[in-house]
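A quick write-up on the structure given underneath.
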2 protein chains.
Amino acid sequence: MSLRHALLALLEAEPMSGYSLAKFFDQSVAYVWHAPHSQIYPELRRMEQAGMITGRSEARGTFATKRIYSLTDDGRAELARWVEELSPLPRERDAAYLKSSYFEYGDYASARKHFEAHRAHHEEQRRRWEAHVKQLENRDTDLLRIRLAQAPEHLRKQVVAYKVHVYHGLIERAKQEVRWALAGLRMVDELEAETVAARPAPAGTPRKAVERTKSAGPPTRVSRRHEPPRR
Amino acid sequence: MSLRHALLALLEAEPMSGYSLAKFFDQSVAYVWHAPHSQIYPELRRMEQAGMITGRSEARGTFATKRIYSLTDDGRAELARWVEELSPLPRERDAAYLKSSYFEYGDYASARKHFEAHRAHHEEQRRRWEAHVKQLENRDTDLLRIRLAQAPEHLRKQVVAYKVHVYHGLIERAKQEVRWALAGLRMVDELEAETVAARPAPAGTPRKAVERTKSAGPPTRVSRRHEPPRR
DNA sequence: GACTGCATGTAACGAGTTACATGATTGG
DNA sequence: CCAATCATGTAACTCGTTACATGCAGTC
């Protein structure tokens, strides 16, 4: 139930409406745990039901109202409990790596396209995280300012340090993914070079022809060969 | 829909029952994408409905039967399509890092406990992946042998290479996570040392006493401080 | 005859995604 | 008055988790 606890942590900084919560969420927690507003509003109602937060309606303009939620003691206790508690680390589930395991069902161009996209994605992520960690280090986000203003002096250092450490971790991860993608691209080059070497084409033959050069063997399109196993 | 395509890929190697599928799954794909059998059986039925696989019932002993699924041409096409297709990389969602961002709500011991568990988990993962990649490199798993026996010669190298690359990536990731956890532990030490320095205890005072040494200020247990925000 | 492995499921729930939907307020 | 932004939702669906449930087959 990470969403719930992320919301508790945000409300610990300051009472807010669901809308502001969603805004702050996008600018902070969402870098680590994404959630759309359609998940936030109902969760807030469930949390209120469970007594972790209370909402009071506040006027907005003449006719409209908004609902401001604040933490209850139970909510604070739940937040503390969650932070203490070791949660089981999730099972591995990585769609990109799964697909990469089966690139032999596609061609070299496809493998390259995927590794290239992987690289681009994680470079972008890295940029975003680096920008954000810089803000954190300068204590330059709205949320952090609020939090620091409230935290007792001896905790301020920790408030920043833990978050910075998390973002450094994310950045290193992103770098690792970029390295992995680049190594993947090099690997594809090598595999292709070997294919070419194994089937030497007459000088000047365009690269494309590689697919169907040898005449030996059955018509071997890449994904053929599917008789039921003889046993 | 990664589960579906993982199953297609397994069936591409050899027709199998749901049960064997689940077994092979656990010994291969599950290192990258975990799924329990309760998810596999219904998915197989849906895939049959969709025409990607066909099942025939086969006798087992005198009374029992089992259902053996094989890929159809549509299934093969779907597998090829999926491998070609760029799927959007998933949004970040990391419960452990999220919680780490808020370690200031717990005490140093709790932060240490978490980083320590993180380290242990990823060291274990690394061991498992290293063992598996060794098997892959030696072409020493049942599934890989089947696959290699069927694959046209020019694809064999790729079949192994892509998988090995994936596991190398996972191993590097695990190492990175271990480094992150260790850095976290060092950080906690530093934070605690600073706390001690800021509240100098009489020489000879045992470390434990740090928590309640100074008499100035309110009774400040490390994880206290949860009055509603005064403003 | 008991235990282990083979074989296949259901049901309830929780979490997350995408799309649709509506209306008030504020500032230019 | 129009657009952006504040504000709050619902509905349908997919995916995944956990627990419960059943029964045959082979072997010691």
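Letters A, B, ... are given to chains in the order of the sequence lines, protein chains preceding strands, and every chain is numbered from 1.
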Extract all donor-acceptor atom pairs below 3.5 Å that involve side chains of residues 26-41 of chain B and protein atoms in other chains or at least two apart in sequence.
unit_1 : atom_1 : unit_2 : atom_2 : d
B:S28  : OG     : B:F24  : O      : 2.7
B:Y41  : OH     : B:Y19  : N      : 3.4

Rounded to the nearest angstrom, tell me the gap between atom CG in A:L98 and atom C1' in D:dG16. 16 Å
Measure from NE2 on B:H5 to C1' on D:dT14 and round the result to the nearest Å. 14 Å
Ranking A:S20 and B:F63 by the position along DNA chain D of their nearest nucleotide, the one closer to 5' is A:S20
Regarding A:K134 and A:D140, does a basic nitrogen lie under 4.0 Å from an acidic carboxylate oxygen? no
For a quick test of reading the model: is some side-chain N or O of B:R93 closer than 4.0 Å to OP1 or OP2 of C:dT17? yes
The residue, A:G61 or B:Y69, whose nearest nucleotide of DNA chain C is more 5′ is B:Y69
Considering only heavy atoms, which members of residues 25-44 of chain A lie under 4.0 Å from some atom of DNA chain D? A:H37, A:S38, A:Y41
Between C:dG16 atom P and B:R91 atom CZ, what is the distance in whole Å? 12 Å
Does B:R126 use its side chain to pair, donor to acceptor, with the backbone of B:A174 at less than 3.5 Å? no
Using whole Å, what does the distance between atom P of nucleotide D:dG16 and atom CG of A:D94 come to? 13 Å
May I have the distance from A:E48 (atom CD) to D:dG9 (atom P), rounded to whole angstrom? 10 Å
Give the rounded distance in Å between these two atoms: CD of A:E92 and P of D:dT17. 13 Å
Tell me whether the side-chain N/O atoms of B:Y19 come closer than 4.0 Å to OP1 or OP2 in C:dC6. yes
Provide, to the nearest angstrom, the distance between the NZ atom belonging to B:K66 and the P atom belonging to D:dG26. 10 Å
Could you check whether B:R45 gets within reach of a base, just the sugar-phosphate, or nothing at all, counting any heavy atom under 4.0 Å? sugar-phosphate
Please tell me which of the listed nucleotides, D:dC6, C:dA7, D:dA7, lies nearest to the side chain of A:K23? D:dC6
Give a yes or no on whether B:K113 atom NZ has more than 12 heavy-atom contacts from other residues, nucleotides or ligands under 6.0 Å away. yes
A:E130 versus A:Y167: any side-chain heavy-atom pair under 4.5 Å? no
Nearest-Å distance, CD (A:E58) to C1' (C:dA24)? 15 Å
On the nucleotide D:dG23, are OP1 or OP2 found under 4.0 Å from the side-chain N or O atoms that B:R60 carries? no
Is any side-chain nitrogen or oxygen of A:R67 closer than 4.0 Å to OP1 or OP2 of D:dC6? no
Would you call B:R81 and B:E84 a salt bridge, using N to O less than 4.0 angstrom? no
Under 4.0 Å between a side-chain nitrogen and a carboxylate oxygen: does that hold for B:K163 and A:E104? yes
